[in-house]
Number of protein chains: 2
Amino acid sequence: MNTTSRTEENYLKAIFQLCERSEEPIATNAIAHAMKTSAASVTDMIKKLSKKELVHYQKHKGVRLTDSGNSMATSLVRKHRLWETFLVNKLNFSWEEVHEIAEELEHIPSKKLIDRLDDFLGNPKFDPHGDPIPDSAGNFTFRKQISLPELAEGAEGVLVGVQDDTMTFLQYLNKLNLTLGTKIKIVERFDYDESTKIVINGKQEQILTNKVCLNLFVKTI
Amino acid sequence: MNTTSRTEENYLKAIFQLCERSEEPIATNAIAHAMKTSAASVTDMIKKLSKKELVHYQKHKGVRLTDSGNSMATSLVRKHRLWETFLVNKLNFSWEEVHEIAEELEHIPSKKLIDRLDDFLGNPKFDPHGDPIPDSAGNFTFRKQISLPELAEGAEGVLVGVQDDTMTFLQYLNKLNLTLGTKIKIVERFDYDESTKIVINGKQEQILTNKVCLNLFVKTI
DNA sequence: AAATATTTTTAGATTAGTCTAAAAATACTT
DNA sequence: AAGTATTTTTAGACTAATCTAAAAATATTT
Ligand SMILES: [Mn+2]
Ligand SMILES: [Mn+2]
Ligand SMILES: [Mn+2]
Ligand SMILES: [Mn+2]
């Protein structure tokens, strides 16, 4: 049986995302935290994934995805992001609503379905949160982007992505009128509280905390 | 926890479809056959559904859906048929490919999703196999239709539905150029082998076996 | 109305995924 | 280097869904 369960898929995707943020082997606890489950459950699952050669694993040393695990996770990310794009672009959902639904849709198995969906959407390269959508072969489009604190005082950028895509953060951005494509100019930085004054689309002035700035990616213009 | 598992949902839908074809309580074996599982498993599940008040059940007397079971099943049918319509109308799948994929998609839980999808598709009343799609309140559109054997010799009808929607039957219909919307005229019936000669869209002559005719629904014109 | 056949239920196992608590391994402090 | 804290693994138990085999109930035939 070379089949992969929904649960195994969710673990693979979580491990993939942890791998993106570190070169080190991923700790059991880190996975447990990401999956909101116990370390014991993670150990059980890791053993299973290891037996299926989807992760490299040595006791007490953490895990990395194998090539086959990586390509499976990439396919899940592709599905997740294409469905998110569908929900926003075709069904008029807003960007903070789609993650949860895509979390389910990503497990629909048909490759033909996802390739057709990709075409139907016009082969988008980025999802509603600005994250890259791997193509049918698993290749990601790389984009030169910097986080807002890296943008020089006086310089301008276009908001192209967010680091954090939790509901609460995205809803907060909605309130601030910060959507993807928005033009942001750095007016002034205040050392006192590490806040930043920006101008949105050339008109609206706004003060952002450093926490918010760290979660915004812009393309310079 | 008033949650319904994917498995429970599949049972509810199967029972719903058996109920459509008979007023009698549905036998354990009938469900087992529909679900391709053992009678023992069905008994277990029936007890569970009964405890949740989704079916009426008495030992050895078979089951019927309760109102709440019925509305749950109707919602599943709605989702199934809307997704099938999406796959055919928007992603260019053909009618024999979509059942299997919709079998998965129907379990995606968001009501908002399905209502948006319904609007996106233009609130279709029938799915790619001619089956009615219940609206958001669970109401089916009724259509006056007859099976091909009921259509008089010399009379004409438009193909609006199929009884059997297995892959093999639908592929066979493809070969015969019989798609929904096709005009069918009964030319002659042969008692010898119960076959029927028809004309398709006013040009192509064709002999159909009774087995095929019984699975075709037409609207008279 | 018995005898036989069929259907349905129960009993007991199995597998996937989860949990808590305890044991073992590793890392950090003093 | 020893002691303490943290992380990870193991042990054992639980639930949902499944199975086979046997028992019980119902239906059919003689
Ligand atoms: Mn998921
Ligand atoms: Mn996203
Ligand atoms: Mn299903
Ligand atoms: Mn259908």
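Since we're looking at a predicted model, the values are computed, not measured. Labels below follow one simple rule: chain letters A, B, ... track the order of the sequence lines, proteins then strands, and each chain is numbered from 1.
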To the nearest angstrom, the CD-P distance between Glu9(A) and dA16(C) comes to 16 Å
Residues at least two apart in sequence or cross-chain that pass side-chain hydrogen bond (donor to acceptor under 3.5 Å, both in side chains) with Ser68(B), listed by chain then number, are none
May I have the list of side-chain donor-acceptor pairs in residues 34-41 of chain A shorter than 3.5 Å, sequence neighbours left out?
residue  : atom : partner  : partner atom : Å
Ser38(A) : OG   : Ser41(A) : N            : 3.2
Ser38(A) : OG   : Ser41(A) : OG           : 3.0

From CD of Glu8(B) across to C1' of dT18(D) the rounded distance in Å is 14 Å
Out of dA21(C), dT18(C), dC19(D), minimum distance to the side chain of Thr7(A) belongs to dT18(C)
Residues in residues 53-64 of chain B with a heavy atom under 4.0 Å of DNA chain C, by number, are Tyr57(B), Lys59(B), His60(B)
Atom CE of Met45(B) and atom P of dT9(C) are separated, to the nearest Å, by 14 Å
Plane angle bin for Phe86(A) and Trp83(B) - parallel if under 30°, tilted between 30 and 60°, otherwise perpendicular = tilted
Rounded to whole Å, the NZ-P distance (Lys52(A) to dA16(C)) equals 8 Å
Out of dT8(C), dC19(D), dT18(C), minimum distance to the side chain of Thr43(B) belongs to dT8(C)
In short, side chain to side chain donor-acceptor pair (under 3.5 Å) pairs touching residues 14-29 of chain B with sequence neighbours left out are none
Residues at least two apart in sequence or cross-chain that pass side-chain hydrogen bond (donor to acceptor under 3.5 Å, both in side chains) with Thr179(A), listed by chain then number, are Thr182(A)
Atom OH of Tyr11(A) and atom P of dA16(C) are separated, to the nearest Å, by 14 Å
Residues 107-117 of chain B vs salt bridge (Lys or Arg N to Asp or Glu O under 4.0 Å), sequence neighbours excluded, gives Glu97(A)-Lys112(B), Arg78(B)-Asp115(B), Lys111(B)-Asp115(B)
Within residues 15-37 of chain B, those residues having any heavy atom closer than 4.0 Å to DNA chain C are Ala27(B), Thr28(B), Asn29(B)
Under 4.0 Å between a side-chain N/O of Ser41(A) and OP1 or OP2 of dC19(C), yes or no?
yes
Paired with Glu106(B), the salt bridge (charged side-chain N to carboxylate O under 4.0 Å, His left out) test is passed by just one of Lys79(B), Lys13(B), Arg6(B), Arg81(B), namely Lys13(B)
Applying ring-ring contact (aromatic ring centres under 6.0 Å, His included) to Tyr11(B) and not counting sequence neighbours gives none
Arg6(A) CZ to dA16(D) P, in whole Å, measures 18 Å
Whole-Å distance, Ile46(B) CD1 to dT9(C) C1', equals 10 Å
If you compare every side-chain N and O of Ser38(A) against the phosphate oxygens of dC19(C) (OP1, OP2), does one of them come in below 4.0 Å? yes
Contacts of His99(B) meeting ring-ring contact (aromatic ring centres under 6.0 Å, His included) (sequence neighbours excluded), chain-then-number -> His80(B)
